[in-house]
Amino acid sequence: MKNQFKNLDLRKKPRIGEDAIQGLLFIAGILSIFTTLAIVYELGKEAWLFFGDPEVTLAKFFWTTRWQPGIGQFGVWSLVTSTLITSFIAMLISLPLGLASALFLSEYASLRARSILKPILEVLAGIPTVVYGYFALLFVTPILKNIFGDVVQVYNMASAGLVMGIMILPLISSMSEDALSAVPRALREGAYAMGATKFETSIQVVLPAALSGIGAALIIGISRAVGETMIVAVAAGAGPKFTFDPFQAAETMTGHIARISGGDLSYNTIDYTSLFAIALMLFLVTLVLNLISQRVVSRFRERYE
Amino acid sequence: MNPTHNHFPEGPSFRSALNTRYRVASVWQALFFSALLIAIISLTALIYDIVDGAFGYVAYDYKKDPATFTSTPLEDLTREELLTILQANLSSGAYNKLNNEKAMETRLQGELYTLFLERLIQLDIKKTWSFTESIMRAGAIRTEAAEKYPAAKLEFRSWLTPQFLTSPMSSKAEFAGVRTAILGSLWLVGIALLFAMPIGTGAAIYLQEYAPKNWLTKIIQTNINNLAGVPSIVYGMLGLAIFVRVLEPFTSGSLFGVTDSNGRTVLSAGLTMGILILPLIIINAQEAIKAVPDSLRQAAYGVGATKWQTVWHHILPNSIAGILTGSILALSRALGETAPLIVVGASTFISVDPSGPFSKFTALPIQIYQWTTRPQSEFHAIAASAIIVLLVMLLTLNATAILLRNRFQRKY
């Protein structure tokens with residue numbers, strides 16, 4: 001009897017094929033880390049070359065307001081202000097509208113109404129940004145000109161910002177709606193039992209409970225607005241300009257990268273490296289915003305279970 | 001019951017307060033709804049604006065009288081007649097150049113007719129009107145055209161024609177088409193998908209099925225979520241630095257004996273796009289794999305399957321519809337993405353079809369961008385037509401994704 005089990009080996013069999021496959025899958029998984037490292041390395045390297053140029057100083061970069069690398073002017077603020085203005089206008093539109101539509105969809109709308117209204121937002125979200133650029137330049141700008149008269153330039157930050165707001169609205173709306181519908185029903189029932197109206201329940205009970213998710217939506221929205229390129233490249237104007245007047249043309253960071261890199265660009269020139277310095281700034285800003293947003297969601301989420 | 005013991009508030013002041021609360025509530029409800037209304041209006045305005053641009057009256061005339069070339073009415077010209085006219089009147093240099101692009105003998109009547117209009121009688125657009133103007137003020141437009149451009153012909157036209165879909169790029173709006181751009185876009189998303197789908201699916205399988213719960217896995221996951229939020233233009237810069245510049249021998253094809261190109265090829269752009277959609281594909285595939293119930297895994301392990309056998313025979317077949325749907329959605333993102341292509345160096349004027357991964361290229365969104373930023377209104381009209389083409393392509397893709405999802409989605 002005992003002989004029968006003599007050769008039985010209960011150790012794990014070495015399976016080379018299995019290990020190889022696991023190795024390949026691991027490489028696929030780790031590749032995304034290399035993408036990030038490559039972004040940081042390449043942007044960092046060229047930005048280092050840029051700041052290593054004897055003409056460029058950090059003080060010049062951050063404390064002057066004219067950007068023209070070709071003639072030794074490196075004030076990045078003229079690009080940053082227009083990015084801030086267009087993003088600010090975009091958030092001014094998309095935050096209240098997105099939040100309001102999320103409240104309507106999650107608290108008021110019937111299932112039927114939702115099934116009609118949500119796809120409209122999804123279509124808005126799926127339209128390529130260059131199409132929004134066309135819309136901004138050829139529809140919104142003429143309307144702004146009609147309303148405000150000749151103070152509105154053909155290329156201006158206001159129309160780019162407005163259209164960007166419409167573009168970001170679905171994002172804010174769907175993220176906020178997710179946060180709102182994650183609030184447990186018991187909270188609403190409790191409020192109704194106390195005699196609160198639907199509006200009071202939504203604003204005073206559901207909204208505060210979903211605040212972290214909405215905060216995350218806001219931050220992601222800002223990060224999208226800062227990184228958005230085509231709308232501003234088409235509608236906000238070509239040429240950096242230090243101005244706070246939204247009706248003027250001014251180039252944003254992304255718009256500048258798109259315009260300069262679209263032309264004939266030779267490697268190892270100050271124009272080339274300066275683009276990477278701007279891109280590095282963009283990358284860092286959006287990275288920090290995205291990290292904050294993820295942190296906000298996981299740290300401040302109200303837990304009910 | 002004694003009214004003083006009634007716990008429910010009553011009386012006119014309470015009533016009026018309650019009514020105010022109801023009023024406030026209904027006003028706000030209307031306000032919330034109006035936010036959605038604004039979204040609907042914006043979408044309508046956008047679609048209206050595009051349609052408005054793509055159709056309408058156009059006033060044009062001929063720089064040279066057709067009668068100087070032929071006595072036959074323009075509509076009745078045959079292929080052979082056109083061929084002789086072109087041969088006789090084009091300079092031999094121009095004729096040979098055209099012949100080299102595509103042999104004249106093999107061109108169809110329509111193509112030759114376009115050449116005839118473009119090169120010989122030189123159709124010249126004076127003014128274009130939008131669709132709304134054309135409908136509302138048809139009479140006024142007719143008188144305006146008759147006064148200002150007495151020699152010009154007025155014609156209501158759709159800028160989106162079969163010819164628009166099949167002609168290559170041209171410097172004249174009325175002859176330009178999106179053929180090169182559509183082919184470029186298809187090459188681009190094809191390469192992106194070939195690159196990103198296997199890797200993305202592999203990464204998702206690793207993260208869902210193999211990865212141990214440790215700091216490295218956590219970093220990979222956070223990193224993927226972050227990459228999904230990186231602005232597309234930053235990917236463009238990455239593509240410019242890595243694919244166009246560092247890997248130029250590979251992406252230009254000089255490693256493979258191609259000599260006439262630099263790194264700004266459709267391959268570079270496709271790989272850049274692939275990197276861009278990779279995080280989206282991973283996240284979507286992870287969701288699809290997550291939806292496969294654990295009981296399936298346990299059953300497979302129970303009968304002695306190895307990990308890979310479980311994945312290959314049970315998890316993948318049960319999640320492939322979700323993975324495909326996610327990939328198609330990522331694809332539609334790549335199709336509409338413009339900024340990275342500008343940075344990587346799409347050619348803005350190119351009239352030759354892309355012939356392989358090492359060709360120069362243009363893409364549909366690039367053409368839209370180019371035409372939109374031109375000052376002349378006839379270019380806005382063809383930009384609008386190109387937008388319609390792009391939107392129809394996106395709609396088809398998304399509809400396919402939805403169909404796939406509904407058809408193959410399994411419920412457990």
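Everything numeric in this text was worked out from a predicted model, so none of it was measured.
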With only heavy atoms counted, which part of I21(A) is less than 4.5 Å from chain B, the side chain, the backbone, both or neither?
-> side chain
Name the region of L390(B), side chain, backbone, both or neither, that has any atom closer than 4.5 Å to a heavy atom of chain A.
-> side chain
Select one option (side chain, backbone, both, neither) describing which atoms of L227(B) are under 4.5 Å from chain A's heavy atoms.
-> side chain
Please look at E46(A) and chain B and tell me whether the side chain, the backbone, both or neither of the residue comes under 4.5 angstrom of a heavy atom of that chain.
-> side chain
Under 4.5 Å heavy-atom distance to chain A, tell me which part of I38(B) shows up: side chain, backbone, both or neither.
-> side chain
Okay, side chain of H256(A), backbone of L275(A): is any donor-acceptor separation there less than 3.5 Å?
-> no
Do the side chain of S223(A) and the main chain of I219(A) share a donor and acceptor less than 3.5 angstrom apart?
-> no
Can you tell which part of V344(B) gets under 4.5 Å to a heavy atom of chain A, answering side chain, backbone, both or neither?
-> neither
Report the C-alpha separation of M164(A) and Y132(A) in whole Å, then their side-chain angles, then the decisive distance to 0.1 Å, and conclude whether the side chain to side chain contact (heavy atoms under 4.5 Å, CB included) test is met.
-> CA-CA 8 Å; M164(A) 208 142 86; Y132(A) 279 112; over 6 Å; no
S32(A) backbone acceptor or donor facing N223(B) side chain under 3.5 Å | yes
Would you find a donor on one side and an acceptor on the other, under 3.5 Å apart, between the side chain of T222(B) and the backbone of I220(B)?
-> no
Whatever's closer than 4.5 Å to a heavy atom in chain B on I220(A) counts as neither
Mark yes or no for whether T338(B), through its side chain, and I366(B), through its backbone, hold a donor-acceptor pair below 3.5 Å.
-> no
Pair Y235(B), T35(A): side-chain N/O donor-acceptor within cut-off below 3.5 Å = no
Please work out which of the three classes, parallel, tilted or perpendicular, describes the rings of Y272(A) and Y267(A), given edges at 30° and 60°.
-> perpendicular
Pick one of side chain, backbone, both or neither for V27(B), based on which atoms fall under 4.5 Å of a heavy atom in chain A.
-> neither
Checking heavy atoms, do the side chain of T254(A), its backbone, both or neither come under 4.5 Å from chain B?
-> both
Side chain, backbone, both or neither: which part of V230(B) has a non-hydrogen atom closer than 4.5 Å to chain A?
-> both
Heavy-atom proximity to chain B below 4.5 Å, by part of I203(A) = side chain
Give a yes or no on whether the backbone of M253(A) and the side-chain of T83(A) come within a donor-acceptor separation of less than 3.5 Å.
-> yes
Is there a donor in the side chain of D271(A) and an acceptor in the side chain of S274(A), or the other way round, less than 3.5 Å apart?
-> no
Does S173(A) reach the main-chain N or O of L169(A) with its side chain, forming a donor-acceptor pair under 3.5 Å?
-> no
Side chain, backbone, both or neither: which part of L46(B) has a heavy atom under 4.5 Å from chain A?
-> both
The interface call for S332(B) against chain A, heavy-atom contacts under 4.5 Å, is neither
Between Y108(A) and K198(A), is there a cation-pi geometry (under 6.0 Å to ring centre, at most 45° from the normal)?
-> yes
At a heavy-atom separation under 4.5 Å, does R245(B) approach chain A through its side chain, its backbone, both, or neither?
-> both
So which part of A211(B) gets closer than 4.5 Å to some heavy atom of chain A, the side chain, the backbone, both or neither?
-> neither
Heavy-atom distance under 4.5 Å to chain B: side chain of E200(A), backbone, both or neither?
-> side chain
Atom group of L216(B) that falls short of 4.5 Å from chain A, counting heavy atoms = side chain
Given a strict heavy-atom distance threshold of 4.5 Å, which part of I342(B) is in contact with chain A: side chain, backbone, both, or neither?
-> both
By a 4.5 Å heavy-atom criterion (distance strictly below it), what part of T217(B) contacts chain A: side chain, backbone, both, or neither?
-> neither
Per-residue tally against chain A (heavy atom, under 4.5 Å) across L240(B), N398(B), L395(B) peaks at L240(B)
Option that, when pairs with chain B are counted at under 4.5 Å, heavy atom only, ranks first among G227(A), A100(A), G195(A) = A100(A)
In terms of heavy-atom proximity below 4.5 Å to chain B, should R224(A) be classed as side chain, backbone, both, or neither?
-> neither
Top contributor to chain A contacts, counting heavy-atom pairs under 4.5 Å, from I219(B), V234(B), I233(B), L18(B) | I233(B)
If you count heavy-atom pairs under 4.5 Å with chain B, which of L289(A), V234(A), L43(A), L282(A) comes out on top?
-> V234(A)
Can you say whether I166(A) sits under 4.5 Å from chain B via the side chain, the backbone, both, or neither, judging by heavy atoms?
-> side chain
Counting only heavy atoms not in K218(B), do more than 12 sit closer than 6.0 Å to its NZ atom?
-> no
I120(A), L138(A), T286(A), T129(A): which one forms the most heavy-atom pairs within less than 4.5 Å of chain B?
-> L138(A)
At a heavy-atom separation under 4.5 Å, does I33(A) approach chain B through its side chain, its backbone, both, or neither?
-> both
Under 30°, 30 to 60°, or over 60°: which ring-plane class applies to F33(B) and F104(A), parallel, tilted or perpendicular?
-> tilted
Parallel, tilted or perpendicular: rings of Y206(B) and Y210(B) (30°, 60°) = parallel
Side chain to side chain contact (heavy atoms under 4.5 Å, CB included) partner of L43(B), chosen from I47(B), I40(B), I41(B) | I47(B)
Measure N225(B) against the heavy atoms of chain A and call it side chain, backbone, both or neither at under 4.5 Å.
-> both
